[in-house]
2 protein chains.
Amino acid sequence: MTTTKTIRPLVRPRLYLGGELSLGPGKIDLLRKIGECGSISAAARELGVPYKRAWLLIDTLNKGFPSPVLDTAAGGRSGGGARLTPRGAALVAAYDALESRLNEAARKELRVLTQLAKP
Amino acid sequence: MTTTKTIRPLVRPRLYLGGELSLGPGKIDLLRKIGECGSISAAARELGVPYKRAWLLIDTLNKGFPSPVLDTAAGGRSGGGARLTPRGAALVAAYDALESRLNEAARKELRVLTQLAKP
DNA sequence: ACTCGCTATGTCCTTAATGACATAGCGTAA
DNA sequence: TTACGCTATGTCATTAAGGACATAGCGAGT
């Protein structure tokens with residue numbers, strides 16, 4: 001195995017934010033991709049998931065949070081699209097901060113665990 | 001069912017330790033319980049999971065790690081039992097250390113996220 | 001008016017995950 | 001030598017999750 005430049009985090013937390021609402025790497029990656037692509041369907045294509053599934057994930061977020069994470073529009077020349085709301089963007093940012101914080105903080109403990117796995 | 005005084009951490013990481021081997025809260029809790037109870041079946045009963053399932057989880061750990069996480073014995077007055085091997089105990093300890101480290105380190109970021117969920 | 005690409009939603013089928021139940025084997029103590 | 005409580009393993013049914021398709025509606029541009 002070769003070394004990689006960007007270190008893939010070993011810890012990608014799934015958070016339980018009360019009730020039915022959970023937030024893990026899948027939804028975050030999707031959300032981020034939608035932000036980049038400007039539409040749910042384009043993001044779904046790039047991530048290789050069916051549109052329906054992507055939409056469903058977003059729907060749980062929109063319903064779970066007090067206000068939607070996406071602004072969507074149907075119709076128009078390009079068919080419409082989707083953009084992150086301030087809350088959606090804040091979510092991605094907060095998750096990213098959390099993730100890097102966790103991986104930084106847990107370096108030592110992770111080393112112990114990976115050592116236990118392959119000595 | 002017993003009540004627990006300790007606060008349930010918001011972050012309970014699932015770790016991917018290479019290949020098929022993953023380690024999350026379920027297996028750790030089971031392992032810990034087995035250590036307390038001295039048998040797989042007693043732990044399974046207390047956790048409310050079928051023995052088969054508990055055994056299966058342990059089996060993946062025993063196969064995934066270079067040496068087993070449990071010492072088991074069938075037969076005898078009490079029917080036998082199971083005890084954590086040094087590796088098993090180290091696993092639980094390392095996971096606990098990781099978990100508390102993560103929750104401590106990420107307090108601020110977690111607050112941001114929970115705020116986003118319920119304002 | 002028609003087209004296009006998107007959002008939004010319903011239905012169905014297949015497959016993976018899980019639980020329930022059954023059973024064999026073991027060894028110590030009575 | 002019998003009984004007991006555990007480990008270990010197989011089989012089967014049920015359920016939950018995921019994917020594949022189908023379809024309606026929208027609206028700016030041509």
Side-chain angles (χ1 to χ4, degrees), chain A residues 14 16 19-65 67-85 87-88, chain B residues 1 14 16 19-27 29-65 67-85 87-88:
Chain A
R14 163 160 286 110
Y16 303 92
E20 302 290 298
L21 189 52
S22 70
L23 186 61
K27 288 190 193 126
I28 288 293
D29 286 350
L30 173 62
L31 218 46
R32 190 198 325 275
K33 206 66 165 179
I34 292 173
E36 292 168 15
C37 294
S39 85
I40 300 176
S41 62
R45 272 195 300 274
E46 282 213 21
L47 294 179
V49 303
Y51 171 85
K52 173 80 180 265
R53 171 159 171 71
W55 182 86
L56 214 60
L57 291 174
I58 294 299
D59 192 49
T60 67
L61 291 180
N62 281 337
K63 285 176 179 162
F65 284 90
S67 74
V69 296
L70 285 187
D71 262 340
T72 62
R77 194 261 168 130
S78 63
R83 300 175 51 189
L84 296 184
T85 62
R87 166 168 264 119
Chain B
M1 175 125 81
R14 163 159 287 108
Y16 303 92
E20 302 290 298
L21 188 54
S22 70
L23 185 61
K27 289 190 192 128
D29 286 349
L30 174 61
L31 217 45
R32 191 198 324 276
K33 207 66 165 177
I34 292 173
E36 291 168 15
C37 294
S39 85
I40 300 176
S41 63
R45 271 195 301 274
E46 281 214 21
L47 295 178
V49 304
Y51 171 85
K52 174 79 178 264
R53 170 159 172 73
W55 183 86
L56 214 60
L57 291 173
I58 295 299
D59 191 49
T60 67
L61 290 180
N62 281 337
K63 285 176 179 162
F65 284 91
S67 72
V69 296
L70 284 188
D71 261 340
T72 62
R77 192 255 169 139
S78 63
R83 301 177 50 192
L84 296 184
T85 61
R87 167 169 265 118

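Reckoned from all heavy atoms, side chains included, excluding hydrogens, waters and symmetry mates. Letters A, B, ... mirror the listed sequences (proteins, then strands); counts begin at 1.
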Looking at [X], I'd like to know whether one of its side-chain N or O atoms comes within less than 4.0 Å of OP1 or OP2 on [N].
{"X": "B/Arg45", "N": "D/dC6", "value": "yes"}
{"X": "A/Arg53", "N": "C/dA8", "value": "no"}
{"X": "A/Trp55", "N": "C/dT7", "value": "no"}

Results of salt bridge (Lys or Arg N to Asp or Glu O under 4.0 Å) for A/Arg32 - residues two or more places apart only: A/Asp29, A/Asp96

Which residues in residues 34-43 of chain A have at least one heavy atom lying under 4.0 Å from any atom of DNA chain D? none

Whole-Å distance between [N] [atom2] and [X] [atom1]?
{"X": "B/Leu57", "N": "C/dG19", "atom1": "CG", "atom2": "C1'", "result": "13 Å"}
{"X": "B/Leu56", "N": "D/dT7", "atom1": "CG", "atom2": "P", "result": "14 Å"}
{"X": "A/Leu47", "N": "D/dG19", "atom1": "CG", "atom2": "P", "result": "12 Å"}
{"X": "B/Arg83", "N": "D/dC6", "atom1": "CZ", "atom2": "P", "result": "16 Å"}
{"X": "B/Tyr51", "N": "D/dT9", "atom1": "OH", "atom2": "P", "result": "9 Å"}
{"X": "A/Leu70", "N": "C/dA8", "atom1": "CG", "atom2": "P", "result": "9 Å"}

Rounded to the nearest 0.5 Å, the CD1 atom of A/Ile28 sits from the CG atom of A/Leu30 at a distance of 9.5 Å

Distance (rounded to the nearest 0.5 Å) between A/Leu70 CG and A/Leu61 CG: 8.0 Å

On a heavy-atom basis, which atom in [X] and which in [Y] lie closest, and how many Å separate them?
{"X": "A/Pro68", "Y": "A/Thr85", "value": "O-OG1, 2.9 Å"}
{"X": "A/Gly81", "Y": "A/Ser39", "value": "CA-CB, 4.2 Å"}
{"X": "A/Thr72", "Y": "A/Ala82", "value": "CG2-CB, 3.9 Å"}

If only atom types and distance count, is the side chain of A/Lys27 paired as donor or acceptor with the main-chain N or O of A/Ser22 below 3.5 Å?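 Side chain of A/Lys27 to backbone of A/Ser22, a donor-acceptor pair under 3.5 Å: yes, one is there.
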
Identify which nucleotide among C/dA8, D/dA8, D/dG19 has an atom closest to any side-chain atom of B/Thr72, counting heavy atoms from C-beta outward.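 My answer, after comparing the listed nucleotides, is D/dA8.
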
Under 4.5 Å between any side-chain heavy atoms of B/Val69 and B/Leu31, yes or no? yes

Kindly indicate whether the side chain of A/Glu46, heavy atoms from C-beta on, has any atom under 4.5 Å from the side chain of A/Lys33.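 A/Glu46 vs A/Lys33: side chains touch.
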
Counting primed atoms plus P, OP1 and OP2 as sugar-phosphate and everything else as base, spell out the protein contacts along nucleotides 22-30 of chain D at 4.0 Å heavy-atom distance: B, S or - for each nucleotide, 5' to 3'. ---BBBSS-

B/Ala82 or A/Pro50, whichever maps to the more 5' nucleotide of DNA chain D: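 First, find each residue's nearest nucleotide; the 5'-ward one identifies B/Ala82.
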
